Number of protein chains: 2
Amino acid sequence: MLSAMTATQPLEAILEELEQAEGLAGLQAATEALRIHYQIDHVIYHWVDSAGDQYGCGTYSDTWRNRYLELNYLRVDPVIIGCFQRFHPVDWKRLDWSSKAARAFKSDAIEHGVGNQGFSVPIRGPNGQFALFTVNHTCDDAHWAEWTELHRRDLILIAHYFNEKALDFEPERTPEQSQALSPREIDAMTLLAMGYSRAQVADTLSISEHTLRVYIESARFKLGAMNTTHAVARAMSRGLIVV
Amino acid sequence: MLSAMTATQPLEAILEELEQAEGLAGLQAATEALRIHYQIDHVIYHWVDSAGDQYGCGTYSDTWRNRYLELNYLRVDPVIIGCFQRFHPVDWKRLDWSSKAARAFKSDAIEHGVGNQGFSVPIRGPNGQFALFTVNHTCDDAHWAEWTELHRRDLILIAHYFNEKALDFEPERTPEQSQALSPREIDAMTLLAMGYSRAQVADTLSISEHTLRVYIESARFKLGAMNTTHAVARAMSRGLIVV
DNA sequence: TTTCTACTCCCCAGAAATAGTGAGGGTCGA
DNA sequence: TCGACCCTCACTATTTCTGGGGAGTAGAAA
């Protein structure tokens, strides 16, 4: 199976198809196409969210997908936990499967058709957006290592394109435009986000604490925030300050 | 110049070189190699951070690099601000240059050898790590559009590889993943980031304000934060909470 | 079993932030 | 020239946070 793979010319065609994809259904179709193209068991793209698995597509069975959500495997899955801390794409073998919950999860997964080998690419967008692009298969370690080595770059690019599309479909994810902050307000928000107290910020900016307070209040007003912490949080999530 | 570019066979060689790169000097050499290879004015990879531009490499002049740091252009640069809110790689023309500070920045940049055209790829790692990979050049819009279209995929991959290397070289940059927050701590931080006061948060979570305080304090401790605002800011920038 | 972590509750005093109003001078664009 | 916005400074009373203690439960891990 794996050895029959053609490493030539796949990327272009697949990326073209991805670029044409419309809506979640388009992405779903792309995962199926990739699965067939690469002749592997599964291809999955999914958005990982504090609220759970609200968005994604892939070739897993509905049974497994539902089970994953119901049993809240999100909090147990070593793939999620491990990828969340990494930048590099990662082979599942390198993750930490030592806990009892993780082992139980794995055997349950395999029972539901998930391959024993896997490779996942973490992807991050603005505002803490986090998603995974995963391929998995059933085969031995040597074949899998060879296959992932061969297609590593393709998978990174494909993951990137999947996420681009997913973000396009979810425009409400992009931070809303708000009134810009003045330079002094940005200074104030930035220093506050760095943990300085008002007194320290005022001192750092060489202004009186009274003046500083005016900036904080006007920033709060512009951002529609109820208190300083809220204002800083909004400024950060809108990309107005970088901390 | 641009038309003399060879689009064939570059990616492999360049990525090979990148994979061999050792230390920041290796990345620096890679930017230079890329600049020559693509025959463009500049190639830059840099990490964006509250503390400023402490880590990066590229082909800008030292004069400009220092000026950028001294004048704290980090807080003004529309490339930073724009890319921070995006996932897609972005042409500089599509950014918001309308503010006075932004226009002043741009003309200053061009005076110091930065090209009038630019293309930047935002890259994000764990714990809120954020970096940019930028190429820029002096030419007209049509040529630039053609060139970026041609090399878009390569640039995404190169950006990815740069960041992999940079993270490998700077393990201490991502240490503070230390302890994850407990579920209750995440609840507390999230609600605080949404602007709730302690009383409101306690009420929402149906716990006493005293208990809430314990969570806030332990979260603050885990995050190494000096106050609540700081803790929320860190939790956000490390992607522990999403608001 | 023991240890560890998470979760819950309590008191108090001092430090810090907030609300409400005000005022003057500067720059910039219409 | 005039409005709009930015930067700077001031007072008082009230609310909210913070830092220092201590203590018991339950569940999971070693």
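Letters A, B, ... mirror the listed sequences (proteins, then strands); counts begin at 1. Please read these numbers as outputs of a predicted model, since none were measured by experiment.
Proximity of Y215(A) to the phosphate of dC6(D): no side-chain N or O atom is located under 4.0 Å from OP1 or OP2. When the side-chain nitrogen and oxygen atoms of S197(A) are compared with OP1 and OP2 of dA15(C), none of them lie within a distance under 4.0 Å. Note on R220(B): a side-chain N or O is less than 4.0 Å away from OP1 or OP2 of dT18(D). OP1 or OP2 of dT16(D) has not a single side-chain nitrogen or oxygen of R213(B) nearer than 4.0 Å. The shortest distance between the side-chain N/O atoms of T211(B) and the OP1/OP2 oxygens of dC9(C) is below 4.0 Å. Of the side-chain N and O atoms in R198(A), none sit less than 4.0 angstrom from OP1 or OP2 of dA16(C). The side chain of S99(A) places no N or O atom within less than 4.0 Å of a non-bridging phosphate oxygen (OP1 or OP2) of dA29(D). Taking only side-chain nitrogens and oxygens, R184(A) comes nearer than 4.0 Å to OP1 or OP2 of dT8(D). Contact annotation: S182(A) reaches the phosphate of dC7(D) (side-chain N/O to OP1 or OP2, under 4.0 Å). For K222(A), no side-chain nitrogen or oxygen approaches OP1 or OP2 of dC5(D) to under 4.0 Å.
Between the CD atom of E209(A) and the C1' atom of dC7(D) there is a distance of 17 Å, given to the nearest Å. Between the OH atom of Y196(B) and the P atom of dC17(D) there is a distance of 14 Å, rounded to whole Å. The CD1-C1' distance, from I207(B) to dT25(D), rounds to 16 Å in whole Å. At whole-Å resolution of the value, CZ in F221(A) and C1' in dA19(C) are 15 Å apart. For H230(A) and dA17(C), the NE2 to P distance is 19 Å, given to the nearest whole Å. Between the CD atom of E185(A) and the P atom of dC7(D) there is a distance of 7 Å, given to the nearest Å. The CG-P distance, from N227(A) to dA16(C), rounds to 18 Å in whole Å. Between the CG atom of D203(A) and the P atom of dC9(D) there is a distance of 12 Å, rounded to whole Å.
Note on S218(A): nothing from the nucleic acid sits closer than 4.0 angstrom, heavy atoms only.
Residues F105(B) and Y73(B) place their aromatic rings such that the two centres sit under 6.0 Å apart.
The aromatic rings of Y45(B) and F162(B) sit parallel to each other, their planes meeting at less than 30°, with 60° as the upper class boundary. Between W144(A) and W147(A), the angle of the ring planes stays under 30°, which puts this pair in the parallel group of the 30/60° scheme.
At distances below 3.5 Å, not a single donor-acceptor pair connects side-chain atoms of N136(A) with backbone N or O atoms of V114(A). Side chain of H88(A) to main chain of D168(B): no donor-acceptor pair is present (N/O by atom type, distance under 3.5 Å, no hydrogens or angles).
The side chain of K100(A) has dA29(D) as its nearest neighbour among dA29(D), dC17(D), dC7(C). Distances from the side chain of H210(B) to the nucleotides dA17(C), dA6(C), dC11(C) place dC11(C) closest.
Rounded to the nearest 0.5 Å, atoms CZ (F130(B)) and CZ (R124(A)) are 13.5 Å apart.
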